[in-house]
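Contents: one structure, followed by commentary.
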Amino acid sequence: MEEFDKGIVPLPEAFYEQPTLELAKALLGCILVKETNEGIAAGFIVETEAYMGPSDRAAHSYNNRRTPRTEVMFQRSGLAYTYLMHTHCLFNVVSGSEEKPEAVLIRALEPIYGIGLMIKRRGIEDQSKLTNGPGKLTKSLGISMEDYGRPLTIPPLYVAQGFCPESISAGKRIGIENSGDAKDYPWRFWVTNNKFVSRHQSAIHVFYNSTDI
DNA sequence: CCCCGGATAATCT
DNA sequence: GATTATCCGGGGT
């Protein structure tokens with residue numbers, strides 16, 4: 001399509017086969033790309049949340065709840081799980097093996113490419129606010145319910161290798177106050193000190209590249 | 001702090 | 001069929 005495509009290779013299916021909490025950290029620093037006929041938009045993933053399936057009260061698949069909406073969570077890992085919340089589309093990466101309905105919510109990006117297109121789609125200029133939230137990043141990239149179930153290993157929606165964070169912070173997940181004890185689990189991950197995260201929060205744990213990641 | 005949009009699904013009557 | 005809640009964001013008080 002354009003020069004940005006060349007040299008950017010989608011990560012293989014095997015990347016998505018690691019355990020969900022590992023995948024949620026491994027996705028940090030990766031590049032998320034969406035191609036549409038309006039153009040290409042891409043950003044570094046800088047914030048994620050793990051949703052651990054039937055035992056996780058905050059997950060849509062809690063108690064193996066299987067509906068048309070959650071169906072893709074029960075499929076193989078590496079597919080897109082998009083859903084609508086109020087007026088916004090949220091984007092998750094399906095993880096876990098078949099019949100293990102786990103997922104990683106992508107909560108924030110650092111814009112890399114197609115910033116003009118993001119500005120047009122969002123109707124704002126401030127680059128630090130284009131993709132610093134799960135609903136904002138889908139609007140900036142043009143991710144919609146048409147992407148539901150798409151494999152993330154091929155265009156038009158894919159994940160490619162980016163940078164390896166020096167440090168990853170972990171804290172409580174956002175927006176799940178009514179999920180009992182699950183609200184306190186440290187399953188939100190972000191690139192330490194990155195200014196494009198959706199909100200600032202004190203870390204419960206910090207992982208360093210040289211030792212833990 | 002509050003309000004509200006408006007898709008999906010569970011829980012009621 | 002009606003009501004309620006939700007992995008959110010923008011705008012007002």
Side-chain angles (χ1 to χ4, degrees), chain A residues 20-21 23-25 27-28 32 34 41 43 45-75 77 79-96 100-111 118-149 152 157 159 169-191 195-201 203-204:
Chain A
T20 296
L21 290 173
L23 181 62
K25 288 185 280 184
L27 282 165
L28 295 175
L32 178 63
K34 177 69 197 280
I45 296 169
V46 298
E47 179 182 344
T48 60
E49 282 178 1
Y51 285 86
M52 298 299 285
S55 62
D56 180 1
R57 246 185 96 169
H60 291 160
S61 53
Y62 178 59
N63 275 343
N64 274 309
R65 179 191 294 161
R66 193 165 187 160
T67 68
R69 180 174 70 158
T70 62
E71 175 58 32
V72 76
M73 291 184 76
F74 290 80
Q75 307 304 316
S77 58
L79 305 179
Y81 170 39
T82 51
Y83 72 92
L84 295 173
M85 183 199 176
H86 296 278
T87 55
H88 309 286
C89 181
L90 273 60
F91 167 66
N92 298 251
V93 175
V94 174
S95 61
K100 286 191 61 184
E102 302 173 6
V104 177
L105 172 66
I106 307 302
R107 286 195 55 90
L109 305 178
E110 177 176 336
M118 296 186 198
I119 289 170
K120 176 186 160 197
R121 283 169 169 158
R122 291 267 292 119
I124 62 165
E125 298 267 339
D126 186 346
Q127 279 197 37
S128 69
K129 294 184 168 60
L130 286 174
T131 54
N132 64 333
K136 297 177 188 179
L137 73 90
T138 58
K139 190 168 180 182
S140 283
L141 266 60
I143 294 171
S144 71
M145 290 309 294
E146 293 191 359
D147 294 305
Y148 183 92
L152 297 171
L157 178 61
V159 175
S169 298
K172 297 179 184 181
R173 295 174 291 179
I174 305 295
I176 55 162
E177 291 306 304
N178 293 337
S179 299
D181 292 340
K183 74 176 170 49
D184 295 323
Y185 299 164
W187 291 344
R188 173 181 180 235
F189 303 99
W190 65 95
V191 176
K195 69 174 183 176
F196 295 91
V197 297
S198 65
R199 71 175 72 179
H200 295 288
Q201 179 192 54
I204 296 172

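In what follows, every chain begins at residue 1, and chains take the letters A, B, ... in the order their sequences are listed. What you see is a predicted model; the values in this text were computed from it and never measured.
Under the stacking criterion of a centre-to-centre distance below 5.5 angstrom and an interplanar angle below 30°, A:Tyr83 is not stacked against the six-membered ring of B:dT8. Remark: ring of A:His88 not stacked against base of C:dG9; the cut-offs of centroid gap under 5.5 Å and plane tilt under 30° are not jointly satisfied.
C:dC7 and B:dC1 have their C1' atoms separated by 23 Å, given to the nearest Å.
More than 12 heavy atoms of other residues, nucleotides or ligands shown are found within 6.0 angstrom of CD on A:Gln201. By the 6.0 Å contact criterion, CG on A:Asp181 is open, its count of non-hydrogen atoms from other residues, nucleotides or ligands being 12 or less.
Under the salt bridge (charged side-chain N to carboxylate O under 4.0 Å, His left out) criterion, A:Lys139 pairs with no residue, sequence neighbours left out.
Rounded to an integer number of Å, the gap from A:Asn63 CG to B:dA10 P is 11 Å. As rounded to whole Å, 15 Å separates atom C1' of B:dA9 from atom CD of A:Glu71. A:Asn92 places its CG atom 15 Å from the C1' atom of B:dT8, with the value rounded to the nearest Å. The separation between A:Glu47 atom CD and C:dC7 atom P is 15 Å, rounded to whole Å.
Phosphate proximity of C:dG10 to A:Arg122: present, with a side-chain N or O under 4.0 Å from OP1 or OP2. Residue A:Arg107 places at least one side-chain N or O under 4.0 Å from the OP1 or OP2 atom of C:dC8. When the side-chain nitrogen and oxygen atoms of A:Thr87 are compared with OP1 and OP2 of B:dG6, none of them lie within a distance under 4.0 Å. Residue A:Asn178 has no polar side-chain atom (N or O) positioned under 4.0 Å from OP1 or OP2 of C:dA5. Here A:His60 reaches the OP1 or OP2 of C:dC7: one of its side-chain N or O atoms lies under 4.0 Å away.
Paired regions of DNA chain B, where each region holds three or more successive Watson-Crick or G-U pairs whose two hydrogen-bonding distances fall under 3.5 Å, are B:1-5 with C:8-12, B:7-12 with C:1-6.
For A:Leu84, taking side-chain heavy atoms from C-beta onward, the closest of the listed nucleotides B:dT8, C:dC7, B:dA10 is B:dT8.
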